[in-house]
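Computed from a prediction, not measured in an experiment: that's the story for all the values here. Residue indices begin at 1 and follow the sequence shown.
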Amino acid sequence: MGLWYPKDSGFELKAFADADYAGCHDTRRSTSGSAQFLGHRLVSWSSKKQKSTAISTTEAEYIALSGCCAQILWMRSQLRDYGFAFNKIPMYCDNQSAIALCCNSVQHSRSKHIDIRHHFIKEQVERKVVELYFVETKYQLADIFTKAVPRERFATLLPLLGVKQMSPETLKELQDESVSE
């Protein structure tokens, strides 16, 4: 298996964020997962147990979105050094309540318990640095980083992430190609 980076892929920055609510059977903490792409190329990904126990799926997904947004902002600043400017970076999430919470500029009593370090995503949405979009669970590419998925789903997600099955011969050819260029 290997990541495939085709030459003709675009250069748009986009991200997917997901969480499994209370997935750890010991601590009941959720796992955040995210995948960041330049065009169709997977360039960054993460899977991390959240530091606190979320009391709802909305909170778990909100925390995952916040972590993904932090990574996108870091990537954006690095790419700016090379002369690339990105705004309205699309981020995809499969939880409409978390998206609504991010897009709501008013702090409600239902969200005051969420640690303030996660609320910066609201500011990024308001400043139009990122735009949030709902994605159906079957198209959620970050699923693979948050939970065990069935074999069929795993096989479906790998090519969408740019992972290809490569024979040793193909791998050798690709290495030889890159050396000659």
Could you go through the side-chain contact (heavy atoms from CB on, under 4.5 Å) check for Lys49 and Thr27 one step at a time? CA-CA 10 Å; Lys49 190 186 290 187; Thr27 63; 4.0 Å; yes
Neighbour count >12 (heavy atoms, 6.0 Å) for atom CZ, Phe134: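 Yes, because the 6.0 Å sphere around CZ of Phe134 holds more than 12 heavy atoms from other groups.
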What's the spacing between [X] [atom1] and [Y] [atom2] if we round to 0.5 Å?
X	Y	atom1	atom2	answer
Phe86	Glu12	CZ	CD	8.0 Å
Ile144	Ser47	CD1	OG	10.5 Å
Leu132	Cys93	CG	SG	7.5 Å
Gln140	Phe145	CD	CZ	10.5 Å
Ile89	Ile72	CD1	CD1	5.5 Å
Leu38	Leu79	CG	CG	5.5 Å

Close side-chain approach of Leu141 to Phe37, heavy-atom, < 4.5 Å: yes
Provide the closest heavy-atom pair for [X] versus [Y] in the form atom of the first, atom of the second, distance.
X	Y	answer
Pro159	Thr156	CD-O, 3.4 Å
Met91	Cys69	CE-N, 3.7 Å
Asp143	Asp94	OD1-OD2, 4.4 Å
Val125	Cys102	CB-O, 4.1 Å
Leu101	Thr58	CD2-CG2, 4.2 Å
Gly33	Thr146	N-CG2, 3.3 Å

Could you tell me whether a side-chain N or O of [X] sits under 3.5 Å from a main-chain N or O of [Y], the two making a donor and an acceptor?
X	Y	answer
Arg153	Ala148	no
Gln78	Leu73	no
Ser66	Tyr62	no
Ser30	Asp20	yes
Thr31	Lys48	no

Option from Glu61, Gln50, Lys51 for which side chain to side chain donor-acceptor pair (under 3.5 Å) with Ser32 holds: Gln50
So, Ser34 and Ser46: side-chain donor and acceptor under 3.5 Å apart, yes or no?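 Their side chains do contain a donor-acceptor pair, which is all the 3.5 Å distance test asks for.
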Under 3.5 Å, is there a donor-acceptor pair between the Arg76 and Asn87 side chains? yes
Output all residues satisfying side chain to side chain contact (heavy atoms under 4.5 Å, CB included) with Pro90, sequence neighbours left out; order by chain, then residue number. Lys14, Tyr92, Tyr133
Is Phe16 reachable from Tyr21 through a run of hydrophobic residues whose side-chain heavy atoms are each under 4.5 Å from the next? no
